[in-house]
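What follows is a set of notes on a single structure, which appears directly below.
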Amino acid sequence: MKKLTLIIIALISFAIQAQESKIIGNWQLTTVVDDGKTMDGFQTVFIFAEKGILNAARSSTSEPMQVGAWKYNKKQKTIVMTSSVDKDFNGEATIIKVNNKELSYKKDGAILNFTRLDKLDVPPKIEPAATEKPMLSFTDDDLLDEEKGFYLEEEAAKLPWKIENVVNFLKDFKDVIYTVTSFRDGTEPDSFLVSSRIVYNKKDQTIDVREYSFFQNDYIEMNEDPLPMNDIENYQEHLYFFPKDNLDTFKVIGTEEVATPLGNVKCTVVEGFGTYDYKIKYWMINEKPGVFAKIIIAKDEDPPFGYTKVYALKEIK
């Protein structure tokens, strides 16, 4: 009896491993069936890698990036995915069909159909030239005055915007869109997250930041809570440099004219440090409160942990 039990356990284990081995691989999303409608034209590739690593790529010719983790639930016959990058890579998917060529599962009421790719056709990595990666060279000493003290109140007085101006100006616009390019140390520039959208919600009286989702082909709400506009005083520190984190230490270093999709605009240039010593430089458009011509955020670490992100104004609607 004991021997028979061991055989049964072995067979079950083998069946589970066989099912998992069918899931492991590169899967090109082909169609999505939602509410009776079939949508196609997708390019996103889901990569269920070994050791429970979940990767994704914009297309079969794009560099993949890790977006979370996955696990096969043998009892429910589901793929359990966890991700903080994009909520569409997060959740539980019930497997409908899986074999060596096809994968179909149901998630959030929609049926997703995939075909297996033997491999991705990714071009060789190119080390970015030094001129391609914006460099922020200022240090803590550059933000100190002669007496080695910080006077944020005095610097804040030099900023071109008042909080009320920011709120009132953004109320007149539906949204503001920025392109995002991430330069990681030792790798090619990464543009998986192509843009951020700053949205003013008139009904809820809030402003929030949404990130572009390749799966939904739209900007989606992330985990951060929108900023309520009916209690401005409690959020004014965040709004100084909204939409990104407020600076712990900063200095207004002058003005500069910058070319943007809106034409040449006069900007106030601010340098500073955010939480965990992130270097940040802002170009604040003087005549458009709450709108930035460009934002550069850099983390100086030993390769490959350092990176630079550039947020550039794309358009205003």
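Numbers for residues simply follow the sequence, beginning at 1.
- Of the possible donor and acceptor atoms, none in the side chain of Thr181 sits under 3.5 Å from a partner among the backbone N and O of Val310.
- One hydrophobic cluster holds both Val180 and Tyr278 under the rule that ILVMFWY side chains link at heavy-atom gaps under 4.5 Å.
- Minimum heavy-atom separation, Leu136 to Lys279: O-NZ, 3.1 Å.
- Taking hydrophobic clusters as Ile, Leu, Val, Met, Phe, Trp and Tyr residues chained together by side-chain heavy-atom distances below 4.5 Å, Phe273 shares a cluster with Val269.
- What you find for Ile285 and Ala293 is that their closest heavy atoms are CG1-N, 3.7 Å.
- A donor-acceptor pair is defined here as one N or O able to donate and one able to accept, closer than 3.5 Å; no such pair exists between the side chain of Thr78 and the backbone of Val80.
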Step-by-step side-chain contact (heavy atoms from CB on, under 4.5 Å) determination, Leu159 to Met284: CA-CA 9 Å; Leu159 296 174; Met284 308 169 73; 4.0 Å; yes
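- Contact check for Asp88 versus Thr44: no side-chain heavy atoms found under the 4.5 Å cut-off.
- Between Phe183 and Pro134 the shortest heavy-atom distance is CE1-CD, 3.7 Å.
- By the 6.0 Å and 45° rule, Lys299 does not stack over the aromatic ring of Tyr276.
- Phe48 and Tyr105 have perpendicular rings, their planes meeting at more than 60° on a 0 to 90° scale where under 30° would count as parallel.
- Counting only heavy atoms from C-beta outward, the side chains of Ile280 and Phe250 never approach each other to under 4.5 Å.
- The closest donor-acceptor contact from the side chain of Lys97 to the backbone of Glu102 lies at 3.5 Å or more, if one exists at all.
- The closest donor-acceptor contact from the side chain of Glu92 to the backbone of Lys107 lies at 3.5 Å or more, if one exists at all.
- Looking only at distances, no side-chain donor or acceptor of Ser104 sits under 3.5 Å from a matching main-chain atom of Ile96.
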Do Lys251 and Asp142 pass the salt bridge (Lys or Arg N to Asp or Glu O under 4.0 Å) test, and can you show the C-alpha distance, the side-chain angles, and the key distance before you say yes or no? CA-CA 9 Å; Lys251 186 175 183 180; Asp142 296 321; over 6 Å; no
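- Exactly one of Val270, Val252, Ile253, Thr268 qualifies for a side chain to side chain contact (heavy atoms under 4.5 Å, CB included) with Lys158. That residue is Val252.
- Atom CG of Asp118 has 12 or fewer neighbouring heavy atoms from other residues, nucleotides or ligands inside a 6.0 Å radius.
- In the hydrophobic clustering of ILVMFWY residues, with side-chain heavy atoms under 4.5 Å counting as a link, Met39 and Leu112 come out together.
- The two atoms that bring Phe169 and Val291 nearest to each other are CE2-CG2, 3.8 Å, heavy atoms only.
- Taking CG of Asn55 as the reference point, atom CG of Leu120 lies at 9.5 Å (rounded to 0.5 Å).
- With hydrogens and angles disregarded, a donor-acceptor distance shorter than 3.5 Å links the side chain of Arg116 to the backbone of Asn100.
- With 3.5 Å as the limit, one finds no donor-acceptor pair spanning the side chains of Asn113 and Thr30.
- For the atom pair Asp40 CG and Leu29 CG, the distance stands at 10.0 Å (nearest 0.5 Å).
- Taking both residues in full, the closest heavy atoms of Met81 and Phe89 are given as CB-O, 3.2 Å, listed atom of the first, atom of the second, then distance.
- Taking each heavy atom of Ala69 and Leu54 in turn, the nearest pair found is N-CB, 3.7 Å.
- Between Glu155 and Leu143, every side-chain heavy-atom pair lies at or beyond the 4.5 Å cut-off.
- Phe46 is not connected to Val33 by any chain of hydrophobic side-chain contacts under 4.5 Å among Ile, Leu, Val, Met, Phe, Trp and Tyr, and they are in different clusters.
- Side-chain rings of Tyr311 and Phe292 stay apart, their centers remaining 6.0 Å or farther from each other.
- If you take CD1 on Ile24 and NZ on Lys51, they are separated by 11.5 Å, rounding to the nearest 0.5 Å.
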With side-chain contact (heavy atoms from CB on, under 4.5 Å) as the criterion, how do Tyr72 and Ile95 come out once you've worked through the C-alpha distance, each side chain's angles and the decisive distance to 0.1 Å? CA-CA 10 Å; Tyr72 175 63; Ile95 296 176; 3.8 Å; yes
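- Hydrophobic clustering of Ile, Leu, Val, Met, Phe, Trp and Tyr side chains at less than 4.5 Å, counting indirect connections, unites Phe42 with Phe114.
- The distance from the OG1 atom of Thr31 to the NZ atom of Lys37 is 15.5 Å, given to the nearest 0.5 Å.
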